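Residue numbers start at 1 and run along the sequence shown. These numbers were taken from a predicted model, which means no experiment stands behind them.
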Amino acid sequence: MSIKCVRLDNDCADLCTVAARILARQTGYDAPTTMAIIEATRTVLRASADAAEEFKGTPYFELSAKECRETEQLLGRLAEQMGSSDAGEGYPTSPPSATTPAGASMGGGAETSGTSEASQEVSEEQLREMNMDELRDMARDKGLSGVHDMRKEELIDAISGKRGS
C-alpha cells in the first residue's frame with residue numbers, strides 16, 4: 001500500500017506543478033481549461049491526502065496529507081473567485097491575478113484587467129531591461145502583430161508607441 005501512496009503522491013506533485021505553471025502564465029487565458037486543471041488537481045490532492053492519512057505516525061505521510069489538504073482548500077477558494085463551474089460561463093478574461101503565485105493570497109480580479117494598461121506605464125528604461133520573450137508577450141498583449149520577427153529595439157519602439165503596428 002505504501003508504494004501506491006508514494007505513486008499517488010508523485011502523481012499529485014506532478015499535477016500540482018502543471019497547475020502552478022498554468023496559473024502563473026501571464027499570457028493567454030483559457031478559463032475552461034484552467035478550471036478543468038484546478039478541479040483535476042483538487043481531486044488528486046484529496047485522494048493523495050486520504051491515502052497518506054492511512055500512514056499516521058510516519059512524518060513524511062503526515063506532512064504530505066497536511067499539505068495536500070491545505071493546497072486543495074486554496075485551489076477551492078481560487079475556483080470560487082474565478083466564478084461558476086459552467087464551462088465558459090461567468091469567467092473573467094484573466095485569472096484573479098496573473099502575477100500571484102499559486103498558494104498566495106488572492107485579492108480578486110478587478111485590479112488585473114489586462115497587461116496593456118500596465119505596459120503603458122512601463123518606461124523605455126524598464127522595457128530595455130526586459131528579455132525578448134517578455135517584450136513579445138507585452139507587444140502581443142497590446143495587439144501588435146509581427147512581434148516574433150522584430151528586433152529588441154523595434155519591440156521597444158512598438159510598445160512605447162514610437163512605431164505603428
Side-chain angles (χ1 to χ4, degrees), residues 1-2 4-56 58-122 126-127 129-144 147 159:
M1 182 65 169
S2 66
K4 179 182 174 190
C5 187
V6 170
R7 171 60 193 242
L8 184 56
D9 195 48
N10 287 333
D11 291 347
C12 183
D14 290 342
L15 193 49
C16 284
T17 300
V18 168
R21 290 185 66 181
I22 288 171
L23 290 169
R25 285 190 183 138
Q26 295 183 21
T27 60
Y29 175 66
D30 182 76
T33 300
T34 302
M35 287 301 290
I37 293 293
I38 288 172
E39 290 307 318
T41 304
R42 291 181 70 200
T43 298
V44 173
L45 282 161
R46 283 189 296 271
S48 184
D50 290 345
E53 285 174 350
E54 293 179 21
F55 297 94
K56 289 190 182 199
T58 306
Y60 170 82
F61 289 117
E62 285 181 353
L63 179 62
S64 178
K66 177 182 178 274
E67 294 300 321
C68 286
R69 297 272 186 232
E70 289 176 5
T71 304
E72 192 274 332
Q73 290 172 356
L74 286 170
L75 286 175
R77 288 197 296 272
L78 176 61
E80 287 175 18
Q81 288 180 358
M82 290 175 69
S84 84
S85 60
D86 298 330
E89 292 287 324
Y91 287 104
T93 56
S94 64
S97 176
T99 58
T100 303
S105 173
M106 302 277 183
E111 74 278 4
T112 312
S113 60
T115 52
S116 61
E117 292 176 314
S119 64
Q120 293 173 356
E121 300 170 10
V122 177
Q126 291 170 313
L127 291 172
E129 292 173 7
M130 293 179 168
N131 67 40
M132 289 295 287
D133 288 335
E134 292 169 325
L135 289 169
R136 285 186 190 112
D137 287 344
M138 185 175 281
R140 282 187 203 102
D141 288 345
K142 288 188 76 160
L144 302 175
V147 299
I159 292 168

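Residues Leu45 and Leu75 share a closest heavy-atom pair of CD1-CD1, 3.8 Å. The nearest pair of heavy atoms linking Ile159 to Lys142 is O-NZ, 2.6 Å. Nearest heavy-atom pair, Thr41 versus Ala19, reported as atom, atom and distance to 0.1 Å: OG1-CB, 3.6 Å. Contact detail for Leu127 and Leu135: the closest heavy-atom pair is O-CD2, 3.6 Å.
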Next item on the list: Please step through salt bridge (charged side-chain N to carboxylate O under 4.0 Å, His left out) for the pair Asp50 and Arg46, ending with a clear verdict.
Entry: CA-CA 6 Å; Asp50 290 345; Arg46 283 189 296 271; over 6 Å; no
Next item on the list: Dump the intermediate steps for salt bridge (charged side-chain N to carboxylate O under 4.0 Å, His left out) on Glu39 and Arg42, then the final yes or no.
Entry: CA-CA 5 Å; Glu39 290 307 318; Arg42 291 181 70 200; 3.5 Å; yes
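In this structure, CD on Glu134 lies 11.5 Å from CD on Gln126, to the nearest 0.5 angstrom. Residue Glu53 holds its CD atom at 9.5 Å from OG of Ser64, rounded to the nearest 0.5 Å. Between Leu23 atom CG and Ile38 atom CD1 the span is 5.0 Å, to the nearest 0.5 Å. A distance of 10.5 Å separates CG in Leu15 from CG in Leu8, rounded to the nearest 0.5 Å. Taking CD of Gln73 as the start and SG of Cys68 as the end, the distance is 11.5 Å to the nearest 0.5 Å.
A distance-only check finds no donor-acceptor pair linking the side chain of Ser48 to the backbone of Val44 [under 3.5 Å].
Taking the charged nitrogens against the carboxylate oxygens, Glu70 and Lys66 do have a contact shorter than 4.0 Å, which makes a salt bridge.
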